[in-house]
There are 2 protein chains.
Amino acid sequence: MVALNLENLPNKRRQTPEQVSELTTNRLSVYLRCLNELDAAGVQTISSQALAEQFQLNAAQIRKDLAYFGEFGVRGVGYYVKDLRRHLRQILGLDRRLRVAIMGAGNLGLALADYPGFRQEGFEIAALFDTANEKIGHESRGGVPIHDINDLKRIARRERLDIAVIAVPAPHAQPVVDQVVAGGIKAILNFSPGALKVPPDVKLKSVDLTVSLESLSFYLAQGDASSGAA
Amino acid sequence: MVALNLENLPNKRRQTPEQVSELTTNRLSVYLRCLNELDAAGVQTISSQALAEQFQLNAAQIRKDLAYFGEFGVRGVGYYVKDLRRHLRQILGLDRRLRVAIMGAGNLGLALADYPGFRQEGFEIAALFDTANEKIGHESRGGVPIHDINDLKRIARRERLDIAVIAVPAPHAQPVVDQVVAGGIKAILNFSPGALKVPPDVKLKSVDLTVSLESLSFYLAQGDASSGAA
DNA sequence: TTTTGTGAACTAGTTCACAGCT
DNA sequence: AGCTGTGAACTAGTTCACAAAA
C-alpha cells in the first residue's frame, strides 16, 4: 500500500526526517499558501525559479526544504501544483481536521475564536475556556461554546482537542498551560507575554506582541537618530 | 545633551551599530521584561549568569547583545538592574510614548485596541480605522475612536501616529498598507496572512497566525507518526 | 534544453573560554 | 575573588553551482 511512494525513497530514509528546522516548517506553510493561490488561478505546474520570483522566495531554498521530505519535482518541468499542494498538506498534517481550543474568553480569545483565517485552512475552533461564571455556558458570536476551564480534561477528551491557544492575562498563563498539559494536549500557541514551561513532549509556540512592537520601536528609534544626524 | 552617555563610548563608534540582527533586538525586549520583574522584586544588581539561569537564557549571549550598544556592566559585580533597565528602554526607543493606530475595527482590531499588554510598556493606542460607516465615529469599549480609513493621512499627522497594526481581512491588507505608507507611518505590525510590499524605509513585521498553527500541526503529524511506529 | 536535487561554499548566529578590569 | 566584554571556535542556515534526470 505504500508502493506508489516508493520511487520517492532513494537510499536514505525519508518521510520523518531526523530534525527539520522550524524555519523550514514555517516556510512549508508559506509554500502551501502560494500553491493554493496558483491552484486557484488554474496554474498546472511551476518551477522553483518561477515560484521564487512570484512570491519573493529563494529557489534553492524551496528545493532544499522540499527535499527533506521526498522528491516531488520533475526535472525539466518543475512541480505539479496540485500534486505538491497535496504533499505539503500531508506533510503539515492538514489532511485531517485539527481541533483547537482557545483558553480565555476575553477580547482576544473571542476575536481569535471567530477569526476566519483559522477555519480556512482546516482548523476547527471547537471550544473556548474561561473561569468567569457569567461567560460559561454562553458562546462566542460565531457560535463557539464557552466552557469552565476546570472541565478542560473531560472536554479535551470528548472533543478530541489537538491544539490550545493561550489568550489569558499573563499572570494566569502558566497555570492555564499546566492545565492544558494535564489535559493531554500536545501543541500550544501562546499569546501571553513571557516564557512558559512545558514538558519536552509538548510543542509550545509563542507570539509575543510586546516583543514585536518593541522591535518596531527600536527601528524607529534608530532611524530617527540617523535622520537627525543627516 | 549626550554627555552622560560618553563614558559608555570606548574607541569604537557605538549607539547606532552598523546592523543589529532582529534576533538581538527581540532579545533586548525580553531582557527588558526580565529586568522589570527583577526591579519590581527589589533586586539591585544581577550578573549575566544569574539572569540567564533565572530566565532560561544564555549568559554569553546576553553580554554580547548588550555589548553592541555599550558597556553597561561592572566587572566583578554584574549589571545594576535599574541602570540597565533604563538603558534598554532608551535603546528600544521606549523612553518616549509611541502612538499606535489599528487598521481594521473587526473582532481582531477591536481586541488589539483594548489589549492591556500594549499600554503597559508605553504604547498608546491612539486610533482605529475602518471603512464601515456604521463603525466610523464610534469607539472601542476601551474608548479608542474609530475613524474613516480615508482620513488616515490627516489623522496620522494630527495624532502623530508612529506605528500601524494591520488587522484587516487578507484581500484588503496590501491596499491598506499602501495607505499607511502614504500616511507617512514608518513601522507596521501585520497580522494578515501573506506577504506585503513596503518601501525600504518602512519596517514591516508580520505575525502569521496560519503559519504558526500549521507549524504546530506539523509537529503533531510528525509526533503521531513516530508514536505509531513505536 | 530545462529544471531538479544536492554537495560545497558561504554567511549568520551562538557558545566557549579567557584576558582584563573591579 | 568575581564578572564583564570579546576574539575564536563552533553550529545552523542560506545560497551557489553543477551533475544527473526528464
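Each chain gets a letter, A, B and so on, in the order its sequence line appears, and its residues count up from 1.
- Distance check, rounded to the nearest 0.5 Å: SG of B:Cys34 to CG of B:Asp39 gives 12.5 Å.
- For B:Phe118, the ring-ring contact (aromatic ring centres under 6.0 Å, His included) partners two or more places apart in sequence, or in a different chain, are B:Tyr115.
- Partners of A:Glu53 according to the side chain to side chain donor-acceptor pair (under 3.5 Å) rule, which considers only residues two or more places apart in sequence or in another chain, are A:Gln49.
- Nearer the 5' end of DNA chain D, as judged by each residue's closest nucleotide, is the contact made by B:Gly73, out of B:Gly73 and A:Arg27.
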One character per nucleotide, please: for nucleotides 15-22 of chain D, 5' to 3', B when the base has a protein heavy atom closer than 4.0 Å, S when only the sugar-phosphate does, - otherwise.
BBB--BBS

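- Every side chain to side chain donor-acceptor pair (under 3.5 Å) that B:Gln174 has, sequence neighbours left out, goes to B:Asp178.
- Remark: nothing in residues 28-36 of chain B comes within less than 4.0 Å of DNA chain C through any heavy atom.
- Remark: the B:Asn190 side chain and the B:Ser192 side chain contain an N/O donor-acceptor pair separated by less than 3.5 Å.
- Annotation: proximity of residues 39-51 of chain B to DNA chain D (heavy atom, distance under 4.0 Å) is found for B:Ser47, B:Ser48, numbered in ascending order.
- For the pair A:Leu23 CG and D:dT11 C1', the computed distance is 14 Å after rounding to whole Å.
- To the nearest angstrom, C1' of D:dT6 lies 13 Å from CG of B:Asp65.
- Straight-line distance from the CG atom of B:Asp83 to the P atom of D:dC3: 18 Å, rounded to whole Å.
- The separation between B:Tyr79 atom OH and C:dT22 atom C1' is 14 Å, rounded to whole Å.
- Atom C1' of nucleotide D:dT4 and atom CZ of B:Phe69 are separated by 17 Å, given to the nearest angstrom.
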